[in-house]
Amino acid sequence: MGNFILYQKKDGVWSEYAQFKDRRDYATRVAKVTDGRTDAPAKVLRTFVLGGVYIEGIGNIDLVKRALRHFDEVGLSNDIFESLEEMSCAQAVAFTKTGLETLVKADFSGLEI
């Protein structure tokens, strides 16, 4: 299954912040619990985990944290939330197995949680 890696961008430089063993196929679990849902927490979580994106800005990072809280019973959500809480001064974050090269900036315009 491989590991998910949580990256942070600080002072303009990306670095690995934490690794998460994907023992129970977190991406599949997120896909199942968010499938067909149109509410903001589901959209944000699905985008963060499955969207091939990075999240820029404190407000958007806070949206991700709130979405993780809505789905705290799903796999790695609590662990990811705790890592995001520990980060200080991150300008952007990304959660991926594939690396940063192909990620695009997420757009959470108009979403509130």
Side-chain angles (χ1 to χ4, degrees):
M1 291 272 167
N3 290 341
F4 277 106
I5 300 173
L6 179 63
Y7 293 94
Q8 72 173 342
K9 186 177 183 182
K10 200 170 180 179
D11 299 323
V13 178
W14 284 102
S15 63
E16 182 179 312
Y17 186 81
Q19 286 194 25
F20 301 89
K21 289 187 182 189
D22 191 17
R23 294 184 185 107
R24 298 180 62 203
D25 199 3
Y26 182 60
T28 298
R29 295 179 78 196
V30 167
K32 283 182 183 178
V33 300
T34 60
D35 187 41
R37 292 183 58 168
T38 59
D39 57 299
K43 286 180 181 180
V44 170
L45 184 66
R46 190 173 185 91
T47 300
F48 180 62
V49 176
L50 306 173
V53 299
Y54 65 92
I55 312 302
E56 190 170 76
I58 296 292
N60 288 328
I61 294 169
D62 285 344
L63 277 177
V64 170
K65 290 192 294 190
R66 288 193 293 277
L68 288 163
R69 274 301 187 224
H70 278 268
F71 293 96
D72 62 351
E73 75 284 355
V74 180
L76 299 170
S77 293
N78 278 328
D79 296 333
I80 300 162
F81 174 84
E82 288 172 10
S83 289
L84 290 173
E85 279 285 289
E86 292 169 1
M87 287 181 185
S88 61
C89 305
Q91 299 163 318
V93 298
F95 184 73
T96 182
K97 287 185 177 182
T98 62
L100 298 168
E101 299 79 28
T102 61
L103 301 181
V104 296
K105 182 178 172 184
D107 181 6
F108 292 148
S109 300
L111 294 179
E112 291 183 27
I113 300 176

Next item on the list: Report the C-alpha separation of Leu76 and Arg24 in whole Å, then their side-chain angles, then the decisive distance to 0.1 Å, and conclude whether the side-chain contact (heavy atoms from CB on, under 4.5 Å) test is met.
Entry: CA-CA 9 Å; Leu76 299 170; Arg24 298 180 62 203; over 6 Å; no

Item checked: Intermediate values then yes/no, side-chain contact (heavy atoms from CB on, under 4.5 Å), Ser77 and Arg69 -> CA-CA 7 Å; Ser77 293; Arg69 274 301 187 224; over 6 Å; no

Next item on the list: Would you please test Lys105 and Val53 for side-chain contact (heavy atoms from CB on, under 4.5 Å) and show each step?
Entry: CA-CA 5 Å; Lys105 182 178 172 184; Val53 299; over 6 Å; no

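A 4.5 Å side-chain heavy-atom check between Asn3 and Lys97 finds every atom pair outside the cut-off. The shortest side-chain heavy-atom distance between Val93 and Met87 falls under the 4.5 Å cut-off. Under the 4.5 Å side-chain criterion, counting only non-hydrogen atoms from C-beta, Phe108 is in contact with Thr47.
Under the 4.5 Å side-chain heavy-atom criterion for Ile, Leu, Val, Met, Phe, Trp and Tyr, Trp14 and Phe4 are members of distinct hydrophobic clusters. Val13 and Leu100 are not part of a single hydrophobic cluster, where members link through side-chain heavy atoms under 4.5 Å apart.
Side chains of Tyr54 and Thr96: a donor-acceptor N/O pair is absent below 3.5 angstrom, by distance only.
Remark: side-chain polar atoms of Lys43 are not paired, donor with acceptor, to backbone N or O of Leu111 under 3.5 angstrom. Counting only distance, with no hydrogens or angles, the side chain of Asp35 and the backbone of Ala31 share no donor-acceptor pair below 3.5 Å. Put simply, the side chain of Arg37 never gets that close to the backbone of Ala42: no donor and acceptor are under 3.5 Å apart.
A pairwise comparison of heavy atoms in Asp22 and Gly2 identifies CB-O, 3.3 Å as the closest pair. Counting all heavy atoms, side chain and backbone alike, Ser83 lies closest to Ala18 at OG-CB, 4.0 Å.
Taking CZ of Phe95 as the reference point, atom CG of Leu84 lies at 9.0 Å (rounded to 0.5 Å). Between Ile80 atom CD1 and Asp72 atom CG the span is 12.0 Å, to the nearest 0.5 Å. Between the CZ atom of Phe20 and the CD1 atom of Ile5 there is a distance of 10.5 Å, given to the nearest 0.5 Å. Rounding to the nearest 0.5 Å gives a distance of 13.5 Å between CZ of Phe48 and OG1 of Thr34. A distance of 10.5 Å separates CD in Gln8 from CD in Glu86, rounded to the nearest 0.5 Å. If you take OH on Tyr17 and OH on Tyr7, they are separated by 15.5 Å, rounding to the nearest 0.5 Å.
With respect to Lys65 and Asp62, a salt bridge is recorded, a charged nitrogen being found less than 4.0 Å from a carboxylate O.
Checking each of Ile113, Ile61, Leu45 against Arg66 for a side-chain contact (heavy atoms from CB on, under 4.5 Å) leaves exactly one that passes, namely Ile113.
Within 6.0 Å of CD on Glu85 lie more than 12 heavy atoms contributed by other residues, nucleotides or ligands.
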